[in-house]
Amino acid sequence: MKKLIALLALASLANLAAAADVVGNAKAAENKVSMCIGCHGIPGYKATFPEVYQVPMLGGQSAQYIQNALMAYKKGDRKMPTMRGIAASLSEQDMADIAAYYSQQK
């Protein structure tokens, strides 16, 4: 039993290390942001599903904020259905790339 617990602990440490190795590449995101631009690229845009929602501009946000928000949508901690669907299709690398891209925008 102790060996099993030790193996599980090592496996979770390996997963944390692998997640820490994900580094965003803004250049790689150029082909990944097309689904974002339709809403987040329009100043003052408001979505109307499921309710009227002010869509934030992403340019200039911190990469960590964007990445955390995408993870929260993917996990269901944030409830906007459209963003949840989009985030569910993204890998951790995609999220890091998109976050790097938008953090460099003005």
Asks: So, taking the atom named NZ in K46 and the one named OH in Y53, what distance separates them when rounded to the nearest 0.5 Å?
Replies: 13.0 Å
Asks: Under the salt bridge (charged side-chain N to carboxylate O under 4.0 Å, His left out) rule, collect the residues that match up with K32, sequence neighbours excluded.
Replies: D94, D97
Asks: Starting at OH of Y102, measure out to CE of M57 and round the result to the nearest 0.5 Å.
Replies: 8.5 Å
Asks: Give the minimum heavy-atom separation between R78 and A69, together with the two atoms involved.
Replies: NH1-CB, 3.5 Å
Asks: Do L70 and M83 make a side-chain contact, defined as non-hydrogen atoms from C-beta onward lying under 4.5 Å apart?
Replies: yes
Asks: Could you grab the distance from atom NE2 of H40 to atom CG of L58, nearest 0.5 Å is fine?
Replies: 4.5 Å
Asks: What's the separation between atom NZ in K79 and atom OH in Y73, rounded to the nearest 0.5 Å?
Replies: 11.5 Å
Asks: What's the separation between atom CG in L90 and atom CE in M35, rounded to the nearest 0.5 Å?
Replies: 4.5 Å
Asks: Within the distance-only criterion (no hydrogens, no angle test), does the side chain of Q105 pair as donor or acceptor with the backbone N or O of Y101 below 3.5 angstrom?
Replies: yes
Asks: Salt bridge (Lys or Arg N to Asp or Glu O under 4.0 Å): which pairs involve residues 59-77, sequence neighbours left out?
Replies: none
Asks: Restricting to non-hydrogen atoms, name the atom on A47 and the atom on M80 that form the minimum distance, rounded to 0.1 Å.
Replies: CB-CE, 4.0 Å
Asks: Does Q93 reach the main-chain N or O of N25 with its side chain, forming a donor-acceptor pair under 3.5 Å?
Replies: no
Asks: I need the full list of salt bridge (Lys or Arg N to Asp or Glu O under 4.0 Å) pairs touching residues 35-45, with sequence neighbours left out, sorted by first then second residue.
Replies: none
Asks: For R84, which residues count as a side chain to side chain contact (heavy atoms under 4.5 Å, CB included) partner, sequence neighbours excluded?
Replies: none
Asks: Can you sort out the partners of A63 under side chain to side chain contact (heavy atoms under 4.5 Å, CB included), two or more places apart, ordered by chain and number?
Replies: A99, S103
Asks: Holding to side chain to side chain donor-acceptor pair (under 3.5 Å), I want the full list of residues that pass it with Q61, two or more places apart in sequence or in another chain.
Replies: none
